[in-house]
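So the structure is just underneath, and the comments pick up after that.
Numbered from 1 within each chain, the chains take letters A, B, ... in sequence-line order. Nothing here was measured: the structure is a model prediction, and the numbers come from that model. Note: hydrogens, waters and symmetry copies are ignored here, and every other heavy atom, side chains too, is used.
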Number of protein chains: 2
Amino acid sequence: MTDKIKVAVNGYGTIGKRVADAVTLQGDMELVGVSKTKPDYEAYTAAQKGYAIYAVDPVKAGPSFKEAGLSLAGSSEEMVKKADVVVDATPSGIGKENKALYEKLGKKAIFQGGEKHELAGISFNAAADYDQAIGKQFARVVSCNTSALCRLIYALDTAFGIKKAQVVLVRRGGDPDDIKRGPINAIVPDPIELPSHHGPDVQTVMPHIKITTAAMKVPTTLMHMHFVNIALKGTPSRKDVIDAIKKWRRLWLIPGWYNIKSTGDIMELGRVLGRPKSDMMENCIWEESVTVDEDGDINLFQAVNQESDAIPENIDCIRAITGMEKDKMKSMEKTDKALGIGKFKPWKLAPP
Amino acid sequence: MTDKIKVAVNGYGTIGKRVADAVTLQGDMELVGVSKTKPDYEAYTAAQKGYAIYAVDPVKAGPSFKEAGLSLAGSSEEMVKKADVVVDATPSGIGKENKALYEKLGKKAIFQGGEKHELAGISFNAAADYDQAIGKQFARVVSCNTSALCRLIYALDTAFGIKKAQVVLVRRGGDPDDIKRGPINAIVPDPIELPSHHGPDVQTVMPHIKITTAAMKVPTTLMHMHFVNIALKGTPSRKDVIDAIKKWRRLWLIPGWYNIKSTGDIMELGRVLGRPKSDMMENCIWEESVTVDEDGDINLFQAVNQESDAIPENIDCIRAITGMEKDKMKSMEKTDKALGIGKFKPWKLAPP
């Protein structure tokens, strides 16, 4: 009866729970279930939402779920069997272990940015390299920071050509529920050796981009911040740059009159707008920060919601590797409409 | 055609925006509009939600709103004229200045906990003193911390009688968008003179309760935390205490298996549950912390969402002062159903 793509979500943490919710909002997808290792409030919310919950070892995990009043639908392997695609949102390194199962069962799978590029062979960003992933068995959606950089860099590279990008990332220490991460009161150059992995990670998506990155961690849970400096091949005006950014979905220019002073305000906007989980999945670029300096370099600040920014890319990646949608612009439009992304007044939807 | 109570919300900050949203969810209320001093992202979200926006001086504020693409519906005074009740959610001290307007126009008004008790003459908590407020022109809904204390103390006082309550409050420094508040890296005894105002504030609602409080501020934006010690007149068992807490709406006992380790997890639960703005309007009491010590004292930890916890009380207060509902239990039930409060599995809805 249904032609919907069956999606299983392996791992139900920060990314997994968001991918599961996002899948249920797509007209062309169906959620088979999610996997959890133990009963906790996240398992409770999965049950509340009516998601089937699977566990790696349901015999072992069964009693604790039962005691909590939750029931298990079966083993993770059974879940994978029922799916057309698995989104693997397990902690970094576990995806690598899971690959053998997907291969054994002949299933397509999407890994997250915590896994190495080589595991999947394709690192994915919807705007930049959707076409490459079409029909493939495996793909890797790059991390939140890399996804945001790919979006912006692709937009500016297609418009003007990029000579070199230099990005300083000020990263959140942990997510709001991540109380053991730190730092609690220091600025950590991380990694100390330069460049950070973010530049090479952008190159897994766009190998021709010359980019160096430096990253540090600070005591906040609300978003990452990027200072971006890009030397262009062309010599556009500030207006040209702003127009090039406005052309693309998922690049949101924050109007000055919004009086958004910090990442705290951005996440508060998400809350008040009624975004699911208050997620701000777009790159949030301060329009007032967009500057073309005397050498013609672009400089700007953008904030990135670490928890949610790669979720639309996971959804697009499902369409790409299953081949159910071959036009990236159409997939991005479907995804964004279903997720309510880009519903800001000054937002331009037109593709370039 | 409509018998709905017309509510105006004066001030559209942390409390005002939540009261406005909550009013639109009640079947027996209608939102006349909200007032804002300047266009910003909060004004933008009000416009997105279709709320009429008023300003104290629309002639002066008009051009900046117009430039932002927002239109003003008129002056705050015009808004008040159209309302049956005004919820004054302006910053502390401004409510006092506004009272003359409400008196001049013969309107009922609800002030917030930042105003003095004497301004309204009645300090309100739905469970504790709803009846007192019925039909009055003015009432004051006590602050987030005091509201949470009143709920818990009323439940235990009606069940067992309270000899004395001693509460230590560890307060959040500011809200997530409140970047100038601090502290950023210290623990501030606040106030240094003991007791803090919270104890006397509880007594504005329940004068017979003997209570002392001490408060400090810490660098977090996620909830307040109370350590509560209560000496009882009776000698209940731990189970009796838990049953007494479960009897009441808005007192939520966090089950141990939820694995909620911090206020970060509680607010994350609100996000994942899809609560509006992720708000957790209940007292969040760790069930595992509920202890009856050798002297028969109750000890427990509860967390309080500073932004939202007094919102249901504002809604009940509207029903009380307008006299549209004389039964507090019915009002609380209507409010909670409309706001989706208490939708947890282990939740008991039965009144005492």
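Interface remark: A:P39 contributes backbone and side-chain atoms alike to the contact with chain B (heavy atom separation under 4.5 Å).
In this structure, CZ in A:R271 is found 4.0 Å from OG in B:S278, a value given to the nearest 0.5 Å. Separation of atoms OG1 (B:T45) and CG (A:L273) is listed at 6.5 Å; rounding is to 0.5 Å. The distance from the CG atom of B:D40 to the NZ atom of A:K261 is 8.0 Å, given to the nearest 0.5 Å. The OG1 atom of A:T263 sits 10.5 Å away from the CG atom of B:D177 when rounded to the nearest 0.5 Å. In this structure, the separation between OH on B:Y44 and CD1 on A:I260 is 10.0 Å, given to the nearest 0.5 Å. Here CD of A:E268 is found 9.0 Å from NZ of B:K277. Values are rounded to the nearest 0.5 Å.
Residues A:Y41 and B:D265 bring a donor and an acceptor atom of their side chains to less than 3.5 Å of each other.
The 12-atom threshold is not exceeded at CZ of B:F301, counting heavy atoms of other residues, nucleotides or ligands nearer than 6.0 Å. By the 6.0 Å contact criterion, NZ on B:K337 is open, its count of non-hydrogen atoms from other residues, nucleotides or ligands being 12 or less.
Contact tally against chain A (heavy-atom pairs below 4.5 Å) for B:N259, B:D279, B:L222, B:V272: the top residue is B:V272.
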